[in-house]
Structure formats: structure tokens, C-alpha cells
Amino acid sequence: MRLSRFFMPTMKETPADAQIASHRLMLRAGMVRQSSAGIYSWLPLGLRVLKNITRIVEEEQDAIGCQQVLMPTIQPAELWRQSGRYDAYGPEMLRITDRHDRDMLYGPTNEEQITQIFADAVRSYRDLPKMLYHIQWKFRDEVRPRFGVMRGREFLMKDAYSFDLDYDGARKSYQKHFVSYLKTYARMGLKAIPMAADTGPIGGDMSHEFLILADTGESEIACHKDFLDNNWLDGVDFDGDLSGVMDTFTGKYAATDDKRDPAQEAALGDDLITARGIEVGHIFYFGKKYSEPMGAKVTGPDGQEIVCEMGSYGIGVSRLVGAIIEAFHDDAGIIWPEAVAPFRVGLINLRAGDAACDQACQEMYEQLMGAGQDVLYDDRDERAGGKFADMDLIGLPWQLIAGPRGLEKGMVELKNRATGERVEISRESALARLTQG
Ligand code: P5A
């Protein structure tokens, strides 16, 4: 993509109403624009990151046999009356009336909708177990939408739902998700710590939140200091015994504010840390809470009726964009982990308009694109300082910098955004480095 044609409305000034780094940087880098409180438009740069995160989430859900569906954003109130949540949910639910005076709502989550689909379609124990997920916009009329996409009113969530015959089956589905979440976040470069959590309006009696530690996080947490170890996932056999993997993590103390246990904390002594965290996922086991009232049952092997055991599993997809920036930025801007970066390479032409420079950059651009690299080519006729600042701001992992003096000798500069390391090397070596591994 040529930057001269790309729609990336960057801002030099820090937006006054943005209180945390990720919100400021997303606005300054032209990733999003606010439409109204807690509601955002995603511009090309932001959408590319959102899609990369979505793809990782999809791949990891598919890998555990969870099948993708797409349910609507608007749901009939009737469904929520059946589960008993229509009145219980409160003012966070956006309630709508259609032209026939029917009560509708913009879904804050989809337990009811999926349970109805399942109850209508499935009859026999042979159809179980099943796991279904979708990635869809949700609406929650939060009292205090803030921090940009971190606490939005409209936000993108991955929500999965499991249906099993009995408790043991449901526990396995829960374990699959638990372990899969560790992998999912690790692929984005994040360390998301699983913590015992409250179930809130979703309900149920087993629940874990996944949090990344950040000073700007909204949750207060306490956990064993081992979770701070950067190699904390080393040696975990993700393909082995899932209950064993889950026990390894749940065996170590980690709790969100409402689940903290003073006795366990006292016993930990110096091994305890307290911190703030951002909740990037939340999983629930809630048994028959929805399947019972909504009639999600199957006929068992002996002809008896079995009410399904259910769980639900959420990932805050749009929140993750902000959370990743909170975890990876410096004074100059964002530092994207490669797996989610909107482009991998930023090619900077230091003398746009100079025929030799333009030609060399065009060649490198084509070579990189030909090798399957995502490249943003800054071909604008602007001062070098502005180009460097913009490239640091948008945080692409690699910057390939080409100017007339270096090019005369066949040399360019390659800068790693994360380490700041900047080396002068030949064009060929730069291309080889960027395209090999
Ligand atoms: C689990 C999936 C649920 O809704 N039902 C379906 C369950 N869980 S949850 O914890 O309420 O939400 C799941 C994740 O969504 C993100 N999230 C938000 N992101 C941005 N803005 C919000 N207002 C918001 N609310 C929730 C969080 O990452 C949460 O873990």
C-alpha cells in the first residue's frame, strides 16, 4: 500500500479527552474515530489489526473443534423472557421496539440465541458434544464508556458456547477453552493470566477471567509472582492432558478483586503480587441455567431426556487492540507484535520525487510484495523527520529506510521498531532479512 493513497488520518496533537496511551495512540495513528460515546468507526489501519486478531482467534477456535456461525446483533425480547434475563439484565441492555410494537434488543451476549438454535435442531445424545462460536458486535450501554475501545458500548466479541451431555463433558469443553485461550493470547505476544472470577450476569459456578497486567487496567488483581516469569508457558504440553494443563495454572493463586482470599494471600507472603489488569477474556461453566428453561435437551441412549450442560467463552476482540497497545508502546508510538501488525514493513523513501530514489524504492516495494510481505510504502513528498515520526507512531515492526546517499552505494537502513536497532546494510541483505523467516 502506498501511503500517499492510504486513508490514515494521523494527528500530531494529543487528543484532549483520551486518558490512556492506547486511546491516544489509536486516535493519533488514525486507527479509529469516535462516533458517539463508546462507539467507534474503524479506519483502514485499525481494521487491519482487528482482522489480524480475529484471524488468530478463529484459527485457535477451529483448532479445538469449535465451529463458526454468525448470529444477528438484534434479538427478540421473547428469548430473554424465556431465560428470565430480560428484566434481570438492567439498563445496560439497549431495548428497541420495532414498527409492529415488538420488543427487540441489541444483543449484549448470545446465550439465549444459541440455546434456541440448538434446542430447535438437536434431538439425540449422538449429536453431542458440540461447540459453536461467532464473532459479532455487541452492545452494552455501559454507565461509563471510557478508554476508547477498551470499554466501549459497541464492541466486537468472540463468544463460544458448548453443549455437553454431562458435567464431565462440560468440564472437558471448559478445559479445552481454558488451554486454547493461553495459546490464543500468546500468539498475539500477550501474557494473559487466568484468574478465578465472579460470574456476574452470565451466571454459573465456575469462571475464569484472562487478564493482562497493565497499570491502566480497570481490574485490581492479586497473583503468585511466578506468573510474572516471561517463560511461564515453557514446557507446557498444550496437546497433552488438558485437565493437567489447567490444574497447573489454577493450582497457583490468581484472583480478581471480588474473588481475593486473605488467608491464601497471607500464606503466600513475599510471593504475592498485587497489580492492575485488563480483562481480555472470560469463560463460564453454568450447567443448565439456559438449557433448562429454554428446553435444550436430547434423548439419551436409554430413551431418557437429558438437559444439556452448557458453558460460554468470551474474548474481547476489539478491546484486545487497545490492550495490545497498552502492553507495547513507547513515547514515540505503538510497537506492534508481528502477529497482529497492520503491515510488517514500512518502506520510507527519504527523497520522493528523486528519480533514482523513486525507482529503487519502487523495486524494493515490488520485491517485498512479491515475497508475500505486507508493506506500507511512504512515497509522500514530505520531510524525513515527519516520515520517521509517523512510522514510529504507527509502530510497524520493521522500517526500511532508503535515501539518495545510501542508494548510490547500494545501501539502505533497516530499523527494528521494538529494539530501536538501526543498521546500514546492502539492499540485497535487507530484502533477504525481511523475507527469510
Ligand atoms: C462469555 C461469552 C460474556 O459475555 N457470554 C458470551 C459471556 N462474558 S463477558 O465477560 O461479559 O464478556 C467477554 C469479554 O468481552 C469483553 N468486553 C468488552 N470489551 C469492550 N468493551 C466492553 N464494554 C466490554 N465488555 C466486555 C471483555 O474482554 C470480556 O472478557
Side-chain angles (χ1 to χ4, degrees), residues 20 22-23 26 32 34 37-40 42 50 53-54 57 61 66 69 71 73 75 80 83 85 89-94 106-115 131-163 173-174 177-178 180-181 184-185 188 190 192-204 206-212 214 217-219 221 256 258-259 277-286 289-290 310-326:
I20 61 171
S22 58
H23 190 191
M26 286 181 76
V32 291
Q34 182 173 307
I39 303 181
Y40 289 85
W42 290 77
L50 195 65
I53 294 172
T54 300
V57 170
Q61 287 285 287
C66 203
V69 297
M71 291 178 271
T73 52
Q75 304 175 24
W80 289 64
S83 72
R85 275 209 291 186
Y89 213 92
E92 273 194 13
M93 181 188 277
L94 181 64
Y106 194 122
T109 175
N110 286 57
E111 277 80 6
E112 284 79 358
Q113 182 72 75
I114 197 87
T115 307
M131 298 198 289
L132 302 168
Y133 77 98
H134 77 159
I135 298 177
Q136 177 63 290
W137 295 92
K138 306 288 188 286
F139 195 93
R140 293 182 185 173
D141 206 352
E142 303 273 352
V143 196
R144 284 187 69 200
R146 57 181 187 154
F147 299 159
V149 300
M150 295 272 241
R151 177 162 298 280
R153 292 199 296 163
E154 190 182 51
F155 60 97
L156 191 60
M157 190 203 287
K158 184 284 297 184
D159 38 326
Y161 304 88
S162 63
F163 297 86
S173 298
Y174 190 92
H177 268 93
F178 187 103
S180 147
Y181 275 29
T184 306
Y185 299 116
M188 298 170 195
L190 292 176
I193 304 173
M195 306 197 183
D198 248 5
T199 55
I202 308 292
M206 178 162 62
S207 169
H208 286 92
E209 277 178 21
F210 290 75
L211 290 105
I212 67 161
E218 290 192 289
S219 318
I221 62 104
T256 56
D258 27 26
K259 282 278 181 180
I278 302 168
E279 180 199 324
V280 290
H282 199 162
I283 61 177
F284 302 80
Y285 159 74
F286 43 70
K289 178 173 162 144
Y290 301 93
M310 288 179 62
S312 74
Y313 314 89
I315 289 184
V317 177
S318 50
R319 173 177 289 183
L320 270 166
V321 180
I324 292 171
I325 299 175
E326 286 300 319

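Just so you know, ligand 1 is whichever comes first in the structure, and atom 1 is the first atom listed for that ligand.
Qualifying ring-ring contact (aromatic ring centres under 6.0 Å, His included) partners for F147, counting only residues two or more places apart in sequence or in other chains: none. Listed by chain and residue number, nothing satisfies the side-chain hydrogen bond (donor to acceptor under 3.5 Å, both in side chains) test with S180 (two or more places apart in sequence, or in another chain). With sequence neighbours excluded, no residue satisfies ring-ring contact (aromatic ring centres under 6.0 Å, His included) with Y161.
Ring pair Y89/W80: centre-to-centre distance below 6.0 Å. For H282 and F210, the ring centers are positioned 6.0 Å apart or more.
Counting heavy atoms from C-beta outward, M157 and V317 have side chains that stay 4.5 Å or more apart.
The contact shell of ligand 1, taken as protein residues with any non-hydrogen atom closer than 4.0 angstrom, comprises T109, E111, R140, E142, V149, M150, R151, G152, F155, M157, D159, Y161, I202, E279, V280, G281, H282, F284, S312, Y313, G314, G316, R319.
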